[in-house]
Amino acid sequence: MRASTVRSASLSKGRLDIWDVLIRFVLIVVSLICLLPFLHVVSKSLSSDSFVIANKVFLWPQGFTIEAYKKIFADVPFLHVVSKSLSSDSFVIANKVFLWPQGFTIEAYKKIFADASILRSLYISVIVTVLFTILGMILTICAAYPLSRAQFKGRRVITFIFLFTMYFSGGIIPDYMNINNLGLMDTIWSLILPLSFSAFNLLIMKTSLTHGIPVSLEESARIDGAGHFRILFSIVLPLSKPIMATLALFYAVGRWNAYQDALFYIKHETSLRPLQLKLYYLVIQASESFQLEATTVSLSNPEVLKASVVVFATLPILCVYPFVQKYFVQGVMLGAVKE
């Protein structure tokens, strides 16, 4: 009896059920119908404008072209800028440069390096960025460590004062008058001191030290006779490398990209102009076709020159990122998850 049941079950499995075939057929047809709109959109994206306007595109591209995708990927900023900086003027003017250089040339970079003062500006930017970052980290650490200790009385009030400055400030005119009264105009310190402390970075550092350093570790160090400076340099800072690298990168990138303060504070000492301000004047010179800067750079197509100076100013700070990348992700995540 059991053997006959098994035999009949196997025969039923071997037979082709008409309903199974019908269900599979219906599912395939429905899937294709659902896919038709997407195929139509893809076909239109790969067809030339004339066929799309004439409404002659259905499920297969007509007048195959990828111009639409070129225009989309042209919005990839850095690659597009690099391609323009390495292309000849004629292709850039004709708007034929997207993600690959056309008429490869490095004439724009030759014109930049033809001006010896640009190398001087690069040197000034490096010195200012390094000093600015070191001073900013020293101030941030010295402020964040005591504010992160629970035994420090009045830390909430002081933290609120720092937080208040993030939302309310004196403005550009009081800052300019303050720098002028302090005698910092046309000095390198006008680019370092005013912005060397960031309340935002302070709050990040404070939060990291509060939640990232175990209290028991500090207590054990105090039992062994360690003071605040010993705890700071031997325990806190070695355990805070990720957040320190992250904030150092914030300081360095912010200082490297800034040029507005140099535009206000560096008026007569042109040798102290940082790279960004120098390149700003070069772009204005190329755009307006008149002499704004004492330079030997000959006028070029403004778009090509703009692209080349953007690449020239971006590459140095990009070279720094790989060295702090291993700390960066961990540093920005500190304090994000409360366990």
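- The ring of F197 has its center closer than 6.0 angstrom to the ring center of F162.
- Exactly one residue among I192, I179, L191 makes a side-chain contact (heavy atoms from CB on, under 4.5 Å) with L184. That residue is I179.
- Judged by distance alone, with hydrogens and angles left aside, the side-chain atoms of S148 form no donor-acceptor pair with the main-chain N or O of T210 at under 3.5 Å.
- In M166, the CE atom is crowded: over 12 heavy atoms of neighbouring residues, nucleotides or ligands sit closer than 6.0 Å.
- Around CG of L237, the count of heavy atoms belonging to other residues, nucleotides or ligands within 6.0 Å exceeds 12.
- With hydrogens and angles ignored, the 3.5 Å screen pairs no side-chain donor or acceptor of S121 with any backbone N or O of L275.
- A donor-acceptor pair is defined here as one N or O able to donate and one able to accept, closer than 3.5 Å; no such pair exists between the side chain of N178 and the backbone of P174.
- Using cut-offs of 30° and 60° for the angle between ring planes, the F229 and F233 rings count as parallel.
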Checking salt bridge (charged side-chain N to carboxylate O under 4.0 Å, His left out) for the pair D186/R273: CA distance, chi angles, key distance, verdict?
CA-CA 9 Å; D186 287 314; R273 287 177 177 173; over 6 Å; no
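- By the 4.5 Å heavy-atom criterion applied to side chains, I141 and M244 are counted as neighbours.
- The local environment of OH in Y123 is sparse, with at most 12 non-hydrogen atoms from other residues, nucleotides or ligands closer than 6.0 Å.
- Here CD1 of I213 is found 6.5 Å from OG of S208. Values are rounded to the nearest 0.5 Å.
- Side chain of Q276 to main chain of W256: a donor-acceptor pair is present (N/O by atom type, distance under 3.5 Å, no hydrogens or angles).
- Remark: the backbone N or O of V128 is not paired with any side-chain donor or acceptor of R255 at under 3.5 angstrom.
- Around CZ of R222, the count of heavy atoms belonging to other residues, nucleotides or ligands within 6.0 Å exceeds 12.
- Between the side chain of S125 and the backbone N or O of L122, no donor-acceptor pair lies under 3.5 Å.
- H40 and F58 have tilted rings, their planes meeting at an angle from 30° to 60° on a 0 to 90° scale.
- By the 6.0 Å contact criterion, CG on L22 is enclosed, its count of non-hydrogen atoms from other residues, nucleotides or ligands being greater than 12.
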